[in-house]
Number of protein chains: 2
Amino acid sequence: MPAPAVRLSTAEARRSIVIDSAIQVFSLTGYLGTPIAAIAEHAHISPAYVSKLFPNKEALFVAALDECFERAGAALSRGAETSVDRSPDGILSAMGGAYADLIADRSLLMLQVHAQSAATVPEIGAALRRGIEAITTMVRSSSGATDEAVQRFVAYGQLCHLIVTTGLDEVPAEWARLLTAGIRHP
Amino acid sequence: MPAPAVRLSTAEARRSIVIDSAIQVFSLTGYLGTPIAAIAEHAHISPAYVSKLFPNKEALFVAALDECFERAGAALSRGAETSVDRSPDGILSAMGGAYADLIADRSLLMLQVHAQSAATVPEIGAALRRGIEAITTMVRSSSGATDEAVQRFVAYGQLCHLIVTTGLDEVPAEWARLLTAGIRHP
DNA sequence: GAGGTGGGTGACTGATCACTCACTGACTGC
DNA sequence: GCAGTCAGTGAGTGATCAGTCACCCACCTC
């Protein structure tokens, strides 16, 4: 195989490329369902080098999950800042819109679902709690909404996860429309 | 190994025993994370016989998931029937209580989360949609509540899933209490 | 241009697991 | 009491996969 004489990058740059690939591939096939080789292929490097960049598969998944929450938090924060309506409900609504835009490609959201399923792996469960904590406290402080409103915001976010994982937005039946009504999704 | 001279059962009876075991074991370790052998051990039969009773692992998981929705539907239905307050909100509340009792052991709920993660397997996705359809239509017709109220009921149910999968009910921090406030869980 | 550093890989290994198959032994109808 | 049926199993098999190790070569420094 003739190596295409690609310039070598730094390990740090490779790491973030691999994390990007990990988000995309893990989100499609889940933690146990994706071989390291699939992520390596997506990142155009060898599986051996992925194993060199991350101590094990678990650490790679956690890194991807952390990055996923990082991006979600940034999007929500941006939504809150650019909201025209400065009332708590207005800000919450703007955050919801920003979140909807962010998860248009569904991978951030799917990764969270897969993380829930793999939460019995201690490190993954801990990363998940970290991420939810960051989102929750951020939503509360940025919006100034009541605890009940923040809880509702998160609850409808979870409903959104259900809709996307089951593809309910493409089911034309009445019961499906009942569940998807008013939920912003791509 | 001296066979303990156990009376043979019918394949039909074995099947439902295995489905019981499958619910319990799959709910702990997920679809890809549980070997058939673990379910067989729980059911006190050989892995080979599990493979004889079900065409493949996927079919076994789907059978467990169907049973899980069956039980959830029955519990909700019972809750609706025995509600003292006959207003839609009262019935919804009674259903919520019945559901909370049912999922005290968490396996039905966890299985649903694992199913969401494995929903890209066509048969599993289909079973999940079937189950959600049954629950949704049942909740709507039994309670007589508005579409918005039913949607809210499902959304907070999903929040409950998040709480249980991440063990948020045992996190003493303020952000965690914000999310768990008022949610009935065991 | 010699030598060192570090990005990157091929080839392997040991373990796990879904599924199969040939078989045993318990029950049943005659 | 014999023949057929069906519950149930042990011992495989082939495939997949996480992680390792010895190694190669691009680039930098002096």
Side-chain angles (χ1 to χ4, degrees), chain A residues 1-22 25-26 28-65 114 117-118 120-124, chain B residues 1-22 25-26 28-65 114 117-118 120-124:
Chain A
M1 222 172 293
V6 180
R7 257 200 108 57
L8 292 185
S9 63
T10 67
E12 218 29 63
R14 272 292 180 219
R15 269 183 66 95
S16 67
I17 291 174
V18 171
I19 289 174
D20 273 359
S21 292
V25 184
F26 273 136
L28 287 176
T29 41
Y31 176 55
L32 291 172
T34 49
I36 289 180
I39 295 164
E41 191 179 355
H42 189 277
H44 303 293
I45 60 174
S46 71
Y49 193 40
V50 174
S51 288
K52 211 170 217 175
L53 290 172
F54 297 87
N56 49 44
K57 192 179 171 181
E58 186 185 323
L60 174 56
F61 187 83
V62 167
L65 190 59
H114 291 307
S117 171
T120 44
V121 177
E123 274 301 315
I124 295 179
Chain B
M1 221 172 294
V6 179
R7 255 199 111 55
L8 293 184
S9 63
T10 67
E12 218 28 64
R14 272 292 180 218
R15 269 183 66 96
S16 67
I17 291 175
V18 171
I19 289 175
D20 273 359
S21 292
V25 183
F26 272 137
L28 287 176
T29 41
Y31 175 55
L32 291 173
T34 48
I36 289 180
I39 295 164
E41 192 179 354
H42 189 278
H44 304 293
I45 60 174
S46 72
Y49 193 40
V50 173
S51 288
K52 210 168 217 178
L53 289 173
F54 296 87
N56 49 43
K57 193 180 171 181
E58 187 185 323
L60 174 55
F61 187 84
V62 167
L65 190 59
H114 292 307
S117 171
T120 43
V121 177
E123 273 301 315
I124 294 178

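Computed from a prediction, not measured in an experiment: that's the story for all the values here. Atom set for the values below is all heavy atoms of this structure, side chains included, hydrogens, waters and symmetry mates excluded. Every chain is numbered from 1, with letters handed out A, B, ... down the list of sequences.
- Not a single donor-acceptor contact under 3.5 angstrom links the side-chain atoms of Lys57(A) to the base of dG19(D).
- Ser16(A) places a side-chain N or O within donor-acceptor distance of the main-chain N or O of Ala13(A), the cut-off being under 3.5 Å.
- Considering only side-chain N and O atoms, Arg14(A) lies under 4.0 angstrom from the phosphate OP1 or OP2 of dG8(C).
- The shortest side-chain heavy-atom distance between Val18(B) and Arg15(B) does not fall under the 4.5 Å cut-off.
- With a 6.0 Å radius and a threshold of 12 heavy atoms from other residues, nucleotides or ligands, Glu58(A) has its CD atom above the threshold.
- Distance, Ile36(B) CD1 to dT20(C) C1': 12 Å, rounded to whole Å.
- Between Phe61(B) atom CZ and dA18(C) atom P the separation is 13 Å, expressed in whole Å.
- The nearest whole Å value for the distance from the CD atom in Glu41(B) to the P atom in dG10(D) is 13 Å.
- Rounded to whole Å, the distance from NE2 on His44(B) to C1' on dA7(D) is 17 Å.
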Test side-chain contact (heavy atoms from CB on, under 4.5 Å) on Thr29(A) and Thr120(B) and set out the steps. CA-CA 8 Å; Thr29(A) 41; Thr120(B) 43; 5.8 Å; no

Run the side-chain contact (heavy atoms from CB on, under 4.5 Å) test on Tyr31(B) and Leu65(B) for me, step by step, so that the C-alpha distance in whole Å, both residues' side-chain angles and the decisive distance to 0.1 Å come before the verdict. CA-CA 11 Å; Tyr31(B) 175 55; Leu65(B) 190 59; over 6 Å; no

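- Across the interface with DNA chain C, nearest-nucleotide mapping of Leu32(B) and Pro47(A) shows Pro47(A) to be the residue nearer the 5′ end.
- Between the OH atom of Tyr49(B) and the P atom of dA26(C) there is a distance of 15 Å, given to the nearest Å.
- Here the C1' atom of nucleotide dC19(C) and the CD atom of Glu58(B) are 14 Å apart, to the nearest Å.
- Residue Ser51(B) has no polar side-chain atom (N or O) positioned under 4.0 Å from OP1 or OP2 of dC19(C).
- Atoms CD (Glu12(B)) and P (dC6(D)) sit 14 Å apart, rounded to a whole Å.
- Along DNA chain D, the nucleotide nearest to Thr34(A) and the one nearest to Ala11(B) differ in position, and the one closer to the 5' end is contacted by Ala11(B).
- Considering only side-chain atoms of Ser46(B), the nucleotide from dT20(D), dT9(D), dC19(C) that sits closest is dT9(D).
- Contact annotation: side chain of Lys52(B) to base of dG8(D), donor-acceptor pair present below 3.5 Å.
- Nearer to the 5' terminus of DNA chain D, by closest-nucleotide assignment, is the contact made by Ile45(B) (compared with the other of Pro55(A) and Ile45(B)).
- The interatomic distance linking Leu60(B) (CG) with dC17(C) (P) rounds to 15 Å, in whole Å.
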